[in-house]
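Worksheet: one structure, shown below.
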Amino acid sequence: MKALQRFESSRLRMNYPIVRFAPSPTGYLHIGGARTALFNWLFTRKHQGKFLLRIEDTDLERSEEKYIDQIISALDWLGLDHDGDYILQSNNLSSHQAALDQLLAQGKAYRCFYSKEELDQLRLAAEKAKKPFRVPTTYRDLSQEELNKHLQDKKEFTIRLKVPEGETRFEDLVFGNITVQNREIDDFILARSDGSPTYNFVVTIDDADMKITHVIRGDDHLANTPKQILIYEALSLPVPTFVHLPMILGSDGKRLSKRHAATNVQEYKEKGYQPKSIINYLSLLGWNPDSNEEIFSINEIIEQFELNQIQKKPAIFDEKKLNWVSGQHLQKSSIKELIEAIKDLDLTWAEHHSEDFVKKLLLLLRDRSKNIQDIIELGNIIMSNPSSYSQDELHNIFKGNNFEVIENFISGLEAEEFTQSNIEQLIDNISIQCELSLGAVMKQIRFAITTITYGPSLVEIIILLGQDTIISRLKKFVQHST
RNA sequence: GGCCGGUUCGUCUAGUGGUUAGGACUCAGGGUUUUCAUCUCUGCAACAGGGGUUCGAUCCCCCUACCGGCUGCCA
């Protein structure tokens with residue numbers, strides 16, 4: 001019977017995983033957190049499980065309400081939707097207390113009357129003697145009488161777990177079998193002297209209460225896992241499956257921190273990266289599908305995602321590759337999609353232009369941009385009438401301030417019908433007349449019209465902006481520069 | 001110090017007891033293009049080191065080095 005139950009429950013857990021992402025609201029959602037959230041999310045979306053969001057707000061000193069909103073909106077922007085409302089860890093205090101009482105009552109935890117200062121001294125002494133420090137188990141098995149005496153003295157105490165003899169082993173889905181000798185683990189603290197429960201304890205209780213089947217988190221928690229397993233076991237709670245993800249590092253190979261370029265998800269939104277690009281790139285960090293393909297839609301990633309293909313070694317976040325991924329996705333994006341993404345960043349962009357104009361402009365910009373911000377900026381340059389020119393470039397491009405090309409171009413445009421073939425013909429003629437290469441002629445015209453020397457096809461820009469705008473810009477340019 | 005992990009081009013990675021160790025990004029060069037970008041072609045570039053096991057190790061075992069985590073009344 002029991003075996004059958006175990007079988008049933010493991011089957012259930014296989015089919016309907018419940019996972020959680022558990023950020024603490026002490027800062028913005030950063031790239032590393034986003035990756036953890038993503039892998040949790042991918043796993044549940046693939047297996048029709050539940051992706052829960054738990055806000056670990058028990059560090060009252062550092063937690064801030066505004067960060068909760070920011071984390072949620074960043075996840076939302078990425079499209080990593082969680083199931084149900086988010087859960088506040090601070091709402092589960094009574095369960096933490098109950099578990100603590102239970103462990104105490106069952107003699108699986110005990111009150112330890114060492115003060116922090118005493119322990120610090122012992123720790124220091126051990127260090128000096130180059131011996132490994134162990135918390136003494138002096139108070140582990142006090143008689144009721146001794147215990148009462150200490151309590152009557154109002155002596156402060158912490159609550160520690162009685163770590164049993166033996167070893168603790170588990171199979172991590174990424175790192176494989178891990179075994180730790182329990183004698184390497186101190187009777188660690190479950191509750192501080194002010195009664196508040198510690199991280200390892202709270203996480204365990206919450207995960208159990210939320211019926212988490214797969215704990216997917218950063219590998220900085222790998223070494224905490226045996227402790228948490230000891231807590232599950234002390235409380236006879238089912239132990240979830242653990243999946244530790246290798247860290248994401250900065251370009252210097254160190255843990256991602258403020259020192260690195262951009263770590264905040266919000267910054268990538270502002271820079272104009274699309275969520276699908278971020279997700280595609282992040283998914284490739286530490287994971288890869290069984291193919292040489294690298295550009296995927298989100299659904300394709302979900303389809304192919306497997307936890308057991310995750311890498312063990314940490315990965316460095318490479319903005320150059322992100323740019324490439326982003327450019328690839330941009331080229332696949334529809335005009336409608338681009339317009340929406342642009343509006344997200346800048347509501348006033350191209351507001352005085354017709355829908356048709358915007359479409360044609362985006363068609364010109366899409367293939368040469370890495371992100372939405374690139375499109376906005378290049379577009380702005382093309383759309384706005386120049387107010388000033390770089391003098392250095394101007395002298396460089398117009399040797400001896402000779403504006404013959406521009407003047408000829410203006411009179412040519414005024415004389416002919418404004419069509420693509422006429423304009424091309426005109427440029428050809430000027431090239432011959434002025435004895436300049438086609439490239440040199442176009443460079444001069446491009447610069448006069450847009451102030452820059454790069455960008456989409458010149459003739460297409462001219463057609464798009466229209467005869468009046470072009471002639472007026474060229475005339476102003478000549479006035480300005482002579 | 002102790003414990004637990006990790007290590008394939010600069011970066012992300014594939015891979016196998018016998019391979020010219022594959023792909024992608026970056027970089028360099030060529031082609032396409034009016035420019036820039038795209039696209040395309042070519043090139044540079046890696047099994048951390050040392051011992052074993054083996055006919056043969058990048059792959060299996062051990063040691064070393066380096067990196068990371070834990071060793072907190074932080075999370």
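Just so it is clear: chains get the letters A, B, ... in the order the sequence lines come, proteins before strands, and each one is counted from 1.
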Determine which pairs satisfy salt bridge (Lys or Arg N to Asp or Glu O under 4.0 Å) with at least one residue from residues 156-180 of chain A, sequence neighbours left out, and list them in order.
A:D141-A:K162, A:E167-A:R169
Could you give the distance separating B:rA65 and B:rC27 at their C1' atoms, to the nearest angstrom?
30 Å
To the nearest Å, how far apart are A:Q309 CD and B:rC12 P?
18 Å
Where along nucleotides 19-31 of chain B does protein come under 4.0 Å, by heavy atom, of base (B) or sugar-phosphate alone (S), with - for untouched nucleotides?
----BBSS-----
Could you tell me how far apart A:K312 (NZ) and B:rC4 (P) are, to the nearest whole angstrom?
16 Å
Tell me yes or no: between the side chains of A:N408 and A:Q433, is some donor less than 3.5 Å from an acceptor?
yes
Between OG1 of A:T158 and CZ of A:R192, what distance do you get to the nearest 0.5 Å?
11.0 Å
What residues form a side chain to side chain contact (heavy atoms under 4.5 Å, CB included) with A:L75, not counting sequence neighbours?
A:F21, A:L29, A:A37, A:L53, A:I71, A:L80
For A:S437, answer base if it contacts any base atom (sugar-phosphate contacts may also be present), sugar-phosphate if it contacts only those atoms, and nothing otherwise; contact means non-hydrogen atoms under 4.0 Å.
nothing
A:D101 meets the salt bridge (charged side-chain N to carboxylate O under 4.0 Å, His left out) criterion, sequence neighbours left out, with none
For each nucleotide in nucleotides 66-75 of chain B, reading 5' to 3', give B when a protein heavy atom comes within less than 4.0 Å of its base, S when such contact involves only the sugar-phosphate, and - otherwise.
---SSSSBSB
Within this structure, what is the OH-to-C1' distance between A:Y454 and B:rA37, rounded to whole angstrom?
11 Å
Per the salt bridge (Lys or Arg N to Asp or Glu O under 4.0 Å) rule, what does the pair list look like for residues 444-455 of chain A, sequence neighbours excluded?
none
Could you tell me if A:K271 sits above the aromatic ring of A:Y268, with its cationic atom closer than 6.0 Å to the ring centre and no more than 45 degrees from the axis?
yes
When the C1' atoms of B:rG30 and B:rC63 are considered, how many whole Å apart are they?
49 Å
For A:G327, answer base if it contacts any base atom (sugar-phosphate contacts may also be present), sugar-phosphate if it contacts only those atoms, and nothing otherwise; contact means non-hydrogen atoms under 4.0 Å.
nothing
Roughly, in whole Å, what's the span from CZ in A:R446 to C1' in B:rU33?
11 Å
May I ask you to decide if the ring planes of A:F39 and A:F305 are parallel, tilted or perpendicular, using 30° and 60° as cut-offs?
perpendicular
NA contact type, A:E127, heavy-atom cut-off 4.0 Å: base, sugar-phosphate, or nothing?
nothing
Base, sugar-phosphate alone, or nothing: which one does A:Q328 contact when heavy atoms must sit under 4.0 Å apart?
sugar-phosphate
When the distance from CG of A:L364 to P of B:rC36 is rounded to whole Å, what number comes out?
17 Å
With respect to the phosphate group of B:rA14, does any side-chain polar atom (N or O) of A:Q311 fall under 4.0 Å of OP1 or OP2?
yes
Under 4.0 Å, counting only non-hydrogen atoms across every strand here, what does A:I316 touch: a base, just sugar-phosphate, or nothing?
sugar-phosphate
Classify A:G439 by what it touches in the nucleic acid, base, sugar-phosphate, or nothing, heavy-atom distance under 4.0 Å.
sugar-phosphate
Please report the distance separating the C1' of B:rU19 from the corresponding atom of B:rG56, rounded so that it comes out in whole Å.
14 Å
A:R368 and A:G455 have their tightest heavy-atom pair at NH2-O, 3.2 Å
From the set B:rC4, B:rU34, B:rU35, return the single nucleotide nearest to any side-chain atom of A:I178.
B:rC4
Establish whether the base of B:rU35 is bridged to the side chain of A:S457 by a donor-acceptor pair shorter than 3.5 Å.
no
Whole-Å distance, A:I310 CD1 to B:rG5 C1', equals 16 Å
P atoms of B:rA24 and B:rU64, separation to the nearest Å
40 Å
Assess whether a salt bridge exists between A:K312 and A:D219, defined as any Lys/Arg side-chain N lying under 4.0 Å from an Asp/Glu carboxylate O.
no
Whole-angstrom distance between B:rC25 and B:rA37, as gauged at atom P
16 Å
On the 0 to 90° scale, with breaks at 30° and 60°, tag the A:F398-A:F447 ring pair as parallel, tilted or perpendicular.
tilted
Can you check the A:M442 CE to B:rU35 P distance for me, whole Å?
9 Å
What interatomic distance, in whole Å, is found between P of B:rC59 and the corresponding atom of B:rU7?
12 Å
Rounded distance in Å - CD1 (A:I397) to C1' (B:rU34)
13 Å
With sugar-phosphate meaning primed atoms plus P, OP1 and OP2, does A:P226 contact a base, only sugar-phosphate, or nothing at under 4.0 Å between heavy atoms?
nothing
